[in-house]
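One structure is given below, encoded as structure tokens.
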Amino acid sequence: MPIHPDDDAGLAGKVAIVAGGGAAGDGIGNGRAAAILLGRAGTKVLVVDRELALAERTVAMIAADGGTAVAHAADLTDEKQVKDTVGAALDHFGRLDFLDNNVGIGSRGTVVDEPPETWRRLMQVNVEVMFLTSKHAIPAIIKTAGRGAIVNISSISALRPRGLTIYTTTKAAVIGLTRAMAIDHAKDNIRVNCVAPGPVYTPMVYSRGMSEKAREQRRRASALGIEGTGWDIGHAVRFLMSDHARYITGQTLVVDGGVTLQAPERESQSE
């Protein structure tokens, strides 16, 4: 897909790390969608995933659209691998402008139900990873680009608790982290924002065996009566990284079709 100069919104020629940019098969997860859309706008993308093959598939999809990307395998709970990831972006592209933090896992149950091990694991993957990637990406952005943007992925579970207590807590922490980072790094010309997805149909969701009944229930939960996808989250990330969002920082953009306006009950996953 050709790049239109009037449409790249300051994204062309920039470099992004998309953490959690892989997805199963040809499925479109939130990270893969963001990586593809940034690639279409002319941003060079380091696609990071624990499984190299999943990142490589995203890179192939970006290349098919005429974009530039490199796959990189890393476990971002390991600080050394985080440092190596930022180094890889600099080695391949010579600069860093953007960071998209997509890594996350889920859980179900109350504080009574869940073991401490689950608490520690979710806090590590859903919060500490964003701390580590930001810790090492921000100095690189300052040094090589002089300005940039970070987008952290939270969830509407942070705003509407629904039986996912530890997950909800971690995603609320992401919002707090985003707001604090926005203040800390405004002086560095780095904007930090957050996207809170609602129920979107992604490989991570349907790989768990979601029934058509449960999928339809999720669609009806939207005030718009439509199903969200990874593309909806990817477009939000692309917007927040672009110059169209130059006056936006420290914000949480809810992308849920209006679910939080009308659906307090928890939807079924596997009826």
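Everything numeric in this text was worked out from a predicted model, so none of it was measured.
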Taking all heavy atoms of [X] and all of [Y], pick out the closest pair and write down the distance.
{"X": "Pro199", "Y": "Val259", "result": "CD-CG2, 3.8 Å"}
{"X": "Gly10", "Y": "Asp243", "result": "CA-OD2, 3.4 Å"}
{"X": "Gly21", "Y": "Thr58", "result": "O-OG1, 2.7 Å"}
{"X": "Ile175", "Y": "Ser154", "result": "CG1-OG, 3.6 Å"}
{"X": "Ala55", "Y": "Val47", "result": "CB-O, 3.6 Å"}
{"X": "Pro197", "Y": "Asn30", "result": "CG-ND2, 4.2 Å"}

Any non-hydrogen side-chain atom of [X] less than 4.5 Å from a side-chain atom of [Y]?
{"X": "His185", "Y": "Ile138", "value": "yes"}
{"X": "Asp49", "Y": "Val103", "value": "no"}
{"X": "Glu216", "Y": "Glu227", "value": "no"}
{"X": "Thr77", "Y": "Arg121", "value": "yes"}
{"X": "Ile153", "Y": "Asn101", "value": "no"}
{"X": "Ile190", "Y": "Ile150", "value": "yes"}
{"X": "Leu253", "Y": "Cys194", "value": "no"}
{"X": "Met241", "Y": "Leu11", "value": "yes"}

Verify, without hydrogens or angle tests, whether [X] (side chain) and [Y] (backbone) share a donor-acceptor contact under 3.5 angstrom.
{"X": "Ser155", "Y": "Ala158", "answer": "no"}
{"X": "Arg32", "Y": "Gly27", "answer": "yes"}
{"X": "Thr43", "Y": "Ala12", "answer": "no"}
{"X": "Arg191", "Y": "Ala245", "answer": "yes"}
{"X": "Glu128", "Y": "Met123", "answer": "no"}
{"X": "Asp232", "Y": "Thr229", "answer": "yes"}
{"X": "Arg57", "Y": "Ala23", "answer": "no"}
{"X": "Asp256", "Y": "Gly198", "answer": "no"}

Review point. So does Arg120 pair up with Glu117, basic N to acidic O under 4.0 Å?
Key: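 Judged by the 4.0 Å cut-off on N to carboxylate O distance, Arg120 and Glu117 do form a salt bridge.
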
Review point. Any salt bridge between Asp78 and Arg50, counting N to O under 4.0 Å?
Key: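 Between Arg50 and Asp78 there is no salt bridge, as every charged N stays at least 4.0 Å from the carboxylate O atoms.
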
Does [X] [atom1] have over 12 foreign heavy atoms under 6.0 Å away?
{"X": "Lys80", "atom1": "NZ", "value": "no"}
{"X": "Arg179", "atom1": "CZ", "value": "no"}
{"X": "Leu224", "atom1": "CG", "value": "yes"}

Consider only side-chain heavy atoms of I, L, V, M, F, W and Y, link residues closer than 4.5 Å, and tell whether [X] and [Y] are in one cluster.
{"X": "Phe93", "Y": "Ile142", "value": "yes"}
{"X": "Ile105", "Y": "Leu132", "value": "yes"}
{"X": "Leu38", "Y": "Ile248", "value": "yes"}
{"X": "Phe239", "Y": "Val45", "value": "yes"}
{"X": "Leu54", "Y": "Ile233", "value": "no"}

Practice item. Report the C-alpha separation of Phe98 and Ile17 in whole Å, then their side-chain angles, then the decisive distance to 0.1 Å, and conclude whether the side chain to side chain contact (heavy atoms under 4.5 Å, CB included) test is met. Key: CA-CA 6 Å; Phe98 307 128; Ile17 292 174; over 6 Å; no

Point-to-point distance, once rounded to the nearest 0.5 Å, from [atom1] of [X] to [atom2] of [Y]:
{"X": "Asp84", "Y": "His72", "atom1": "CG", "atom2": "NE2", "answer": "6.5 Å"}
{"X": "Glu114", "Y": "Leu164", "atom1": "CD", "atom2": "CG", "answer": "9.5 Å"}
{"X": "Lys171", "Y": "Leu177", "atom1": "NZ", "atom2": "CG", "answer": "11.5 Å"}
{"X": "Trp231", "Y": "Arg238", "atom1": "CH2", "atom2": "CZ", "answer": "12.0 Å"}
{"X": "Lys135", "Y": "Phe131", "atom1": "NZ", "atom2": "CZ", "answer": "5.0 Å"}
{"X": "Leu122", "Y": "Thr170", "atom1": "CG", "atom2": "OG1", "answer": "5.0 Å"}

Review point. Going through the checks in order, is the side chain to side chain contact (heavy atoms under 4.5 Å, CB included) test met by Thr85 and Leu76?
Key: CA-CA 9 Å; Thr85 296; Leu76 297 177; 3.8 Å; yes

Review point. After noting the C-alpha distance and the side-chain angles of Asp100 and Asn152, does the key distance pass the side chain to side chain contact (heavy atoms under 4.5 Å, CB included) rule?
Key: CA-CA 6 Å; Asp100 180 19; Asn152 299 322; over 6 Å; no

**Study point:** Criterion side-chain contact (heavy atoms from CB on, under 4.5 Å) against Val18, the qualifying member of Asn102, Val151, Leu46
**Key:**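 Output: one option passes, namely Asn102.
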
Exercise for review: Give the intermediate values and the outcome of side chain to side chain contact (heavy atoms under 4.5 Å, CB included) for residues Lys143 and Arg95.
Suggested key: CA-CA 8 Å; Lys143 182 177 180 179; Arg95 63 184 290 156; over 6 Å; no

